[in-house]
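Throughout, protein chains are lettered first and strands after them, A, B, ... in sequence-line order, and every chain is numbered starting at 1. These numbers were taken from a predicted model, which means no experiment stands behind them.
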2 protein chains.
Amino acid sequence: MKVILMKQMIEEINSHLEILLNKPKDGAVKEAMKYSVMAGGKRLRPVLLLSALKAYGYPYQEYLDVACAIEMIHTYSLIHDDLPAMDNDDLRRGRPTCHKQFDEATAILAGDGLLNEAMNVIMQSSIEDHLKVQLASLLFKSSGASGMIYGQQQDMYYENHQASLKELEDIHHYKTGCLIAAPLEMAGIVVGKEQEALRTLGFHLGLAFQIQDDILDVTSDSATLGKTAGSDIENGKSTYVSLLGLEKSREYANELFKQCLEDIYGMTCNHGIMIDLLEKVIKRVN
Amino acid sequence: MKVILMKQMIEEINSHLEILLNKPKDGAVKEAMKYSVMAGGKRLRPVLLLSALKAYGYPYQEYLDVACAIEMIHTYSLIHDDLPAMDNDDLRRGRPTCHKQFDEATAILAGDGLLNEAMNVIMQSSIEDHLKVQLASLLFKSSGASGMIYGQQQDMYYENHQASLKELEDIHHYKTGCLIAAPLEMAGIVVGKEQEALRTLGFHLGLAFQIQDDILDVTSDSATLGKTAGSDIENGKSTYVSLLGLEKSREYANELFKQCLEDIYGMTCNHGIMIDLLEKVIKRVN
């Protein structure tokens with residue numbers, strides 16, 4: 001029953017993204033925006049928001065706009081991170097990266113367009129003004145120069161410098177954690193409770209997610225991942241696997257998943273829905 | 001007296017930008033954001049908002065956050081437009097462009113950071129929520145995938161295709177016009193009147209501004225412009241000068257400035273302040 005709920009949510013997110021991305025004026029940038037967003041990601045971040053709302057008994061469909069805005073921000077960050085000047089990746093979500101399919105200029109503008117339109121989607125949503133402001137404040141703080149963008153800067157810096165475990169955790173707190181914690185904390189704002197606990201869960205989940213990413217980079221293949229396997233080593237990146245080894249990384253991820261479970265049991269929401277979310281992450285292969 | 005007002009406004013804008021840009025977490029991206037914003041532009045767009053508010057007798061200082069957000073968006077667009085994959089410019093505001101001073105990755109992130117933080121600045125401003133939403137809606141519609149970003153796409157497309165005069169006007173309506181009309185129209189939202197007339201004035205002014213740009217590109221030098229003179233010809237761009245010739249371009253710009261004057265006389269605000277604004281644009285050398 002609950003698997004059906006999540007599948008349904010993802011379908012609703014995808015349909016709504018399709019509608020939102022048909023709105024801009026026609027041209028290469030619009031095509032590139034659609035290409036990258038509709039490539040079929042896991043939709044983890046919007047599902048986190050909608051599932052948490054559902055777990056507190058809230059009508060989650062009212063927040064589809066906001067959920068899609070989060071996915072648009074996530075996708076813009078992937079497009080820009082994949083650029084030749086950044087990680088220089090050719091493969092993403094099982095397809096050529098945006099700048100490979102189109103060109104660099106179009107990919108830069110498509111990323112800019114997605115970030116910009118994410119703001120428009122929230123501002124033009126039908127929720128109340130005070131909620132638009134509170135949710136956008138948290139979201140753009142999480143994705144901004146003291147959040148995800150800062151994390152990307154640190155990630156690049158440590159390509160040429162050896163990172164300690166503490167520094168690595170700091171990179172990922174910002175680069176991955178902020179935009180995984182944000183949707184959960186945003187649900188807390190909407191329901192008006194447990195915002196801090198949801199945020200804590202989000203950062204535990206974000207870190208576990210990132211360690212999984214590092215593990216998958218060395219244990220999986222490009223076809224399964226939908227992006228180039230082994231690219232961390234190629235880019236000389238410090239990862240949990242390079243610092244802790246594969247076995248200890250797995251132990252650490254499992255420890256964090258257990259922590260997430262404890263976090264969930266401490267909340268007043270429907271635990272089943274939240275545990276399903278957690279399992280979706282634990283079982284992921286890409 | 002009025003020149004003093006505008007000078008004072010620019011100083012207030014610069015001081016406030018300095019405060020806002022010191023907020024993000026330290027690092028190369030923050031330095032690059034500051035470097036590009038504090039390079040000393042004309043601050044035309046924020047001055048348009050504040051002057052129009054003043055012309056309607058509104059306490060303009062309350063909107064300094066919003067004004068600075070517009071300048072941050074303008075600067076992000078310059079940073080990304082200057083990138084090697086776009087216009088590949090080395091000089092901007094009399095200094096090396098952002099990617100020349102730092103590196104491409106940092107410049108991409110600095111642009112992303114400015115766009116993102118522009119949203120945060122408005123969301124965290126002290127104006128009322130309904131105004132934040134209305135002003136941000138208009139601003140990010142103007143800068144987005146159906147506004148300025150669309151214009152940049154069209155501009156690039158016509159580097160390899162001959163544009164007609166009508167197509168050129170369309171490019172500049174979006175690429176330059178939208179972000180010059182937006183601050184005037186935003187003033188109309190705040191004061192609750194003449195929004196449409198302010199928008200019309202904005203697009204007339206924006207087009208005149210762009211024709212001036214095309215003229216300056218061939219008649220001025222890099223030292224005066226603060227950016228590379230003659231770059232339009234080098235990039236194979238269609239311009240008003242290449243389509244109409246220098247003399248007819250000057251006539252067209254003058255015609256538009258006269259139209260702006262008529263627009264202003266049709267409004268109920270303090271005409272003197274608005275005419276000063278117009279003169280600031282007419283007399284510009286960069």
Could you tell me which portion of Glu117(A) (side chain, backbone, both or neither) has an atom closer than 4.5 angstrom to a non-hydrogen atom of chain B? side chain
Atom group of Leu83(B) that falls short of 4.5 Å from chain A, counting heavy atoms: side chain
Is it the backbone or the side chain of Met156(B) that comes under 4.5 Å from a heavy atom of chain A, or both, or neither? side chain
Pair Asp170(B)-Gln154(B), side-chain donor/acceptor within less than 3.5 Å: no
Any side-chain donor near an acceptor of the partner, Asn120(B) and Lys23(B), under 3.5 Å: no
Which region of His80(B), side chain (C-beta onward) or backbone (N, CA, C, O), has a non-hydrogen atom less than 4.5 Å from a non-hydrogen atom of chain A, or is it both or neither? side chain
Classify the ring geometry between His161(A) and Tyr157(A) as parallel (under 30°), tilted (30 to 60°) or perpendicular (over 60°). parallel
Winner by heavy-atom pair count (cut-off under 4.5 Å) against chain B, out of Ile108(A), Val29(A), Asp112(A): Asp112(A)
Heavy-atom pairs under 4.5 Å with chain B - which of Leu114(A), Asp103(A), Leu115(A), Asp81(A) has more of them than the others? Leu115(A)
Heavy-atom pair count under 4.5 Å with chain A, highest-scoring of Gly113(B), Gly147(B), Gly144(B): Gly144(B)
Under a plain distance cut-off of 3.5 Å, with no hydrogens placed, do Asn116(B) and Ser143(A) share a side-chain donor-acceptor pair? yes
Atom group of Met148(A) that falls short of 4.5 Å from chain B, counting heavy atoms: neither
Below 30° counts as parallel, above 60° as perpendicular, anything between as tilted: where do the rings of Tyr174(B) and Tyr150(B) land? perpendicular
So, Ser137(B) versus Gln134(B): side-chain donor-acceptor pair below 3.5 Å or not? no
